[in-house]
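The structure displayed is predicted, hence computed values, not measured ones.
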Amino acid sequence: MHERVSIDPNVCHGQACIKGTRIPVSQILGMLANGDSIDALLKAYPSIELADILACLDYAALLAEEQVTPIVELAPSA
């Protein structure tokens, strides 16, 4: 995975978290999306560093690159 993001089925129900914490990547991304600044996140979570927040963004970017091929339901031929 990523050196700062981990996925462990025994931590936060397998959600991607900042390694060594129980802080889900989705929480950091959600806070940034809602307008929280990086400085505010660093103050709210003193156990994380700027590199952890950037790793969350990098992880999200990797997920956005995933190619998803929808399964097309086959209609019965008439």
How many angstroms lie between [atom1] in [X] and [atom2] in [Y], if you round to the nearest 0.5 Å?
X   : Y   : atom1 : atom2 : answer
L42 : I53 : CG    : CD1   : 4.0 Å
Q27 : L41 : CD    : CG    : 9.0 Å
M31 : S37 : CE    : OG    : 9.0 Å
D8  : H13 : CG    : NE2   : 12.0 Å

*For G14 and I7, which heavy atoms make the closest approach, and how far apart are they?*
O-CG2, 3.2 Å
*Taking all atoms of both residues into account, what is the closest heavy-atom pair of I23 and S47, and its distance?*
CD1-OG, 4.1 Å
*L57, I38, I18 screened by side chain to side chain contact (heavy atoms under 4.5 Å, CB included) with I28, the one that passes*: I18
*Would you call R22 and V11 a side-chain contact if the rule is heavy atoms closer than 4.5 Å?*
yes
*Non-hydrogen side-chain atoms of C56 and L32 separated by less than 4.5 Å*: no
*Could you tell me whether a side-chain N or O of D52 sits under 3.5 Å from a main-chain N or O of E49, the two making a donor and an acceptor?*
yes
